[in-house]
Amino acid sequence: MPIVVNADTRLVVQGITGREGSFHTLRNREYGTNVVAGVTPGKGGRDVEGIPVYDTVHEAVRREGANTAMVFVPPRFAGDAILEAADAGIGTIVCITEGIPAHDMLRIYTHVRPRGITLLGPNCPGALSPGLANVGIIPAQVFARGRIGLVSRSGTLTYQIGKELADLGLGNSTIVGIGGDPVVGLSFVDVLDLFEADPATDLVVMVGEIGGDEEEKAAAFIGERMRTPVVAYIAGFQAPPGRTMGHAGAIISGSAGTAQAKKVALEAQGVRVGASPTEAARLAAEAFAAPG
Amino acid sequence: MPIVVNADTRLVVQGITGREGSFHTLRNREYGTNVVAGVTPGKGGRDVEGIPVYDTVHEAVRREGANTAMVFVPPRFAGDAILEAADAGIGTIVCITEGIPAHDMLRIYTHVRPRGITLLGPNCPGALSPGLANVGIIPAQVFARGRIGLVSRSGTLTYQIGKELADLGLGNSTIVGIGGDPVVGLSFVDVLDLFEADPATDLVVMVGEIGGDEEEKAAAFIGERMRTPVVAYIAGFQAPPGRTMGHAGAIISGSAGTAQAKKVALEAQGVRVGASPTEAARLAAEAFAAPG
Amino acid sequence: MDLYEYQGKQLFARYGIPVSEGSIAATPAEAREAAERIAAPVVIKAQVLVGGRGKAGGVKLAADPDEAEQHAEAILGMDIRGHTVHRVWVERSSDIAREYYFSITFDRGAKRPLLMLTTAGGVEIEEVAEKTPDRLARLHVDPLVGFEPFHARRLCFDAGLPAEEMRQAADIMAAAYRAFVETDAMLVEINPLIVTPEGKLHALDSKYTVDDNALFRHPDIAEMRDLEALPPEERMARERGVTYVKLDGYVGIIGNGAGLVMSTLDVVAGAGGRPANFLDVGGGAQADEIVTAMEVLLSDPDVRAVLFNVFGGITRCDEVARGILTALERLDVKVPMVVRLDGTNDVEGRQLLADAAPPNVHVEETMLGAAERVVELAGSGA
Amino acid sequence: MDLYEYQGKQLFARYGIPVSEGSIAATPAEAREAAERIAAPVVIKAQVLVGGRGKAGGVKLAADPDEAEQHAEAILGMDIRGHTVHRVWVERSSDIAREYYFSITFDRGAKRPLLMLTTAGGVEIEEVAEKTPDRLARLHVDPLVGFEPFHARRLCFDAGLPAEEMRQAADIMAAAYRAFVETDAMLVEINPLIVTPEGKLHALDSKYTVDDNALFRHPDIAEMRDLEALPPEERMARERGVTYVKLDGYVGIIGNGAGLVMSTLDVVAGAGGRPANFLDVGGGAQADEIVTAMEVLLSDPDVRAVLFNVFGGITRCDEVARGILTALERLDVKVPMVVRLDGTNDVEGRQLLADAAPPNVHVEETMLGAAERVVELAGSGA
């Protein structure tokens with residue numbers, strides 16, 4: 001059973017009646033995702049092309065057995081939406097919203113983490129298990145079904161690498177976009193851990209970028225705990241220190257969080273790091289072809 | 001290995017230089033408890049009859065390997081002391097202090113519970129494993145070593161029952177006073193669970209009182225999960241509703257929390273409930289003598 | 001500590017929960033003045049720390065100041081289920097379209113605040129819970145995360161509140177939660193929470209209980225305590241810092257530790273007696289505290305005999321014995337006393353009593369024996 | 001968003017952290033007036049969002065208003081590491097017995113606020129961490145539980161603060177924590193935190209960063225933003241809501257998604273070019289936004305060629321192509337452009353460009369190929 005989203009997914013979409021929310025919900029459903037409900041306070045009782053809308057997540061859980069939530073509400077309400085989903089007993093929460101205050105996420109992370117809730121994002125493209133379920137905004141047509149796990153802090157860069165892999169005839173077990181914010185739920189280490197235990201994944205491609213130390217922690221985790229081979233790509237060698245590069249979390253603070261430091265940490269654990277998305281895909285192809 | 005406190009206990013006493021703190025610390029040490037340190041902010045570097053005093057619990061942990069804390073500081077500072085012990089990595093915290101605001105305990109409980117910390121109390125007499133360790137204010141001379149677990153919300157009532165058991169030639173594996181406040185760390189269910197798993201315990205005597213529904217929860221737990229026989233005593237049949245009976249938690253709210261309701265719940269699960277401490281001890285002796 | 005309606009409403013107003021304009025009055029003249037100030041029909045409400053004042057005639061509508069004065073005259077001094085009315089609250093009368101109920105209780109079982117909202121307000125919540133449980137919205141709040149907008153939404157939708165009232169209800173609930181946490185409340189209840197014909201939500205009554213253990217950080221609330229409302233023995237007990245609860249029997253009971261004293265009441269009742277009180281001298285009591293406790297207990301004229309039941313842990317039995325002897329010297333003790341001392345220094349304690357041999361003190365070895373003896377003495381001493 | 005020293009100190013004062021009396025001045029005359037008001041020796045401090053102003057001569061002591069005016073004259077307009085000084089902060093000069101350091105940072109690795117205190121203040125904390133790590137007290141605070149007295153005690157004892165200063169230090173730390181949380185700060189730094197000869201603790205400088213994503217709830221802080229401090233292209237970008245960072249190269253780069261754009265910079269550098277900027281049009285960009293982005297990018301005179309790298313997910317490549325064509329019509333584009341479109345509607349997008357066939361637009365199929373091409377064009381277009 002592929003990780004994060006799969007055939008067991010019963011999705012409720014928070015903010016389903018918004019323009020973006022309804023667009024991606026329908027795309028996800030069209031792909032085959034089991035979308036069981038939507039939530040928009042005050043619009044309970046309506047439906048979005050046949051998907052029932054409720055006023056609260058609790059009701060969606062009670063009536064439709066939702067077990068996964070996708071959050072598509074504006075940033076100043078998104079933290080509350082995540083907490084609502086957690087309170088309603090949702091086990092997997094995928095937050096697409098960008099621009100949630102970092103302090104909100106600090107509190108939310110501290111609350112949900114010890115409760116065993118899987119929180120993906122915020123500011124992430126979601127997760128796609130090709131052929132089974134797509135929760136989020138990842139363009140599924142780019143990715144083929146296969147046995148490479150892909151985990152990334154960036155959306156479009158992931159698509160680029162997925163495309164390059166597909167060009168080499170390789171597909172993916174699950175694509176997980178962990179998000180570009182300073183505080184996100186699932187970290188690289190968390191997703192690597194899931195891939196390591198996933199029989200559907202034979203190789204992992206990890207796509208990092210400047211800022212924070214999650215890639216360094218991932219390197220340590222790979223060295224200590226992983227048997228599944230990992231290939232990496234890191235973006236941001238040209239980024240100047242002290243500037244936020246598009247993602248709230250993509251910033252070199254002082255001398256910490258540089259692409260070079262991340263590359264060195266990964267290589268020290270035997271992880272090959274591509275110099276471009278093209279090269280990363282080629283390294284993956286080589287590793288995939290090599291005897292495990 | 002008896003529960004909560006035992007030969008592995010390495011005790012740090014918070015508030016060791018106070019009158020009560022130093023008195024009971026020395027009594028506990030005299031009994032054989034391994035008291036490794038005390039903490040009083042600003043008095044670091046001194047000692048209390050050879051027990052080194054530190055400014056912070058962290059230092060006591062780092063320098064003396066303390067793993068159990070006893071809190072003996074005044075109520076308005078005791079919540080902070082519990083949080084300090086938890087933050088310092090202490091695994092078992094025994095809070096003797098009475099009068100901590102209930103909202104403080106709500107926040108503390110919510111914080112420590114998912115972290116797997118054993119919090120006993122507040123407003124409790126502590127725990128005694130006869131012959132091994134005494135952490136708190138239980139008068140050890142009342143209790144003999146033996147195979148009956150004793151758990152109670154009340155201090156002196158526990159001593160009364162311990163004495164009655166001793167008069168019948170019976171002793172205890174561990175005596176646990178869970179405390180008389182509305183919010184305490186270890187509940188009856190938690191302690192029953194520990195006794196159930198404890199090879200040193202063959203029978204449990206549970207001493208409840210009016211207020212809350214922990215005895216009812218314990219009854220359900222006994223019915224569902226316990227193989228170790230349990231005998232009970234409940235105090236407060238004469239208590240009027242709406243009045244706090246000495247312990248902050250001993251209050252009948254509306255029609256909830258009566259001694260009668262608790263007795264009925266326990267008897268429904270086959271637990272024999274004594275009408276007086278004397279009878280409870282006699283029932284324990286009978287159960288103990290009966291083939292398991 | 002329970003607050004009067006008007007005190008609870010003061011706190012409501014402080015946190016931004018809408019309440020009616022009003023004044024407190026201790027005399028009919030003050031009630032008239034209040035009605036004059038408000039210059040509209042008013043409601044005169046007895047201020048007592050007990051329910052059922054409406055049925056007892058403690059709440060009256062007054063069309064004008066004359067009527068307000070008359071009603072206050074009737075209500076002041078009234079006895080409502082054992083509580084004397086010392087003050088009335090005079091407030092502007094409200095038009096009521098609907099009555100809701102909202103409360104926050106300290107749910108010790110769940111170890112979280114419990115919020116309840118129902119549109120079936122104005123009656124006891126137990127009744128709603130029993131008869132129309134589906135109309136009662138309930139949820140718990142994580143005390144570290146606090147009250148979030150989703151809690152308000154869930155309560156409103158689950159209770160079936162009209163959409164146009166949700167904003168107001170959410171604001172009131174958030175304010176009440178803040179009050180609950182910041183004043184260390186054990187209960188904040190608004191019943192009824194009314195909707196006026198204009199669609200405004202408004203607290204028409206308050207029930208408010210604050211944690212005694214937290215009063216040190218709320219000196220303003222601590223000052224609200226009305227010692228007049230207590231029976232004289234309990235007032236004395238409170239002033240002297242003794243834990244005392246008056247009951248309706250005739251066997252006075254003193255002991256150390258709440259659980260042991262409760263048990264002593266039960267054992268005395270089991271022996272056929274009726275306890276006059278609960279009195280816990282606490283742990284480590286000194287002789288002086290014993291004297292004070294005795295004084296409180298003996299101030300109750302119903303007490304016909306006293307049972308002293310002490311199990312010494314921190315408390316030393318010799319110290320207790322000394323306290324008893326001092327009390328016998330200082331106080332004019334007319335009733336017989338049974339004393340049972342066990343635990344720390346019990347031999348010394350019993351020896352002290354044996355040496356002094358006061359005529360009306362009977363020493364017993366066991367708790368059960370002591371209970372039987374005191375019941376016997378109380379029966380014959382009437 | 002980084003705040004100037006004087007802005008950070010305004011927030012300090014609001015939360016009760018002691019700061020010096022002072023005024024902001026944009027002219028030497030204002031600096032003189034400020035010094036006259038203070039009527040004591042003052043310090044004139046350049047307000048720039050960059051470190052090292054002391055070494056650059058941006059901080060001067062003035063004994064009287066004359067001297068204050070002279071120093072302000074010298075400092076205003078000064079260039080400090082690329083930042084022009086537009087304002088000086090004039091504050092009462094402090095006597096310093098000792099210099100400490102205190103900060104709260106948003107530790108994203110630990111996902112908790114990190115508090116640091118050392119008595120070795122006045123220098124960069126990295127230096128302390130490296131040279132005297134045992135003098136640096138560090139701890140994390142649980143964001144749900146918050147800052148508790150024990151945190152203050154631990155920091156003070158671990159840093160070896162004198163006992164008589166602990167009360168003041170604890171108050172300052174608690175206030176700073178409150179400020180950190182309530183203003184959504186990413187950094188609150190007091191360096192130096194001085195002790196005066198009289199033993200008073202006092203913030204002599206401030207470093208303060210607020211989360212851009214949280215400015216919606218802090219309109220007062222949002223207004224503190226000084227657009228003058230930005231290079232003109234970035235100012236334009238900010239006004240138009242485009243994510244743009246100016247770099248020192250000559251190849252202009254536009255793409256969709258932060259990661260892809262960062263990667264594009266690296267691939268261009270790998271091909272031997274130097275990126276002039278980072279510009280992310282974000283997800284789902286419409287033609288208008290493409291035009292705006294182009295305008296921002298082309299306002300930089302250093303740009304010799306532009307690389308457009310788009311991978312369509314939500315973004316549709318035909319929409320991007322339309323934007324490019326509109327921009328070419330509206331703007332006077334003199335530099336060559338390489339366009340690479342992939343993903344959603346890429347065929348349609350490429351077709352639109354092929355049909356219009358603007359003379360200076362070169363379409364490439366792959367990212368690597370596009371990077372090589374733009375470097376080649378930039379080199380020959382100089």
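We name chains A, B, ... by the order of the sequence lines, and we start the count at 1 in each one.
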Are there any donor-acceptor pairs closer than 3.5 angstrom between chain C and chain A, and if so, which ones?
from	atom 1	to	atom 2	distance (Å)
Asp142(C)	OD2	Arg115(A)	NH2	3.1
Val145(C)	O	Arg107(A)	NH2	2.9
Phe150(C)	N	Asp80(A)	OD1	3.0
Phe150(C)	N	Asp80(A)	OD2	3.2
Arg153(C)	NH1	Asp80(A)	OD2	2.9
Arg153(C)	NH2	Asp80(A)	OD2	3.0
Arg153(C)	NH2	Glu84(A)	OE1	2.8
Arg154(C)	NH1	His58(A)	NE2	3.0
Arg154(C)	NH1	Asp87(A)	OD2	3.4

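With a 4.5 Å cut-off on side-chain heavy atoms, Phe77(A) and Pro149(C) do not count as touching.
Each ring pair (Phe, Tyr, Trp, His ring centres under 6.0 Å) pair with one or both residues in residues 190-225 of chain C, not counting sequence neighbours, would appear here, but there are none.
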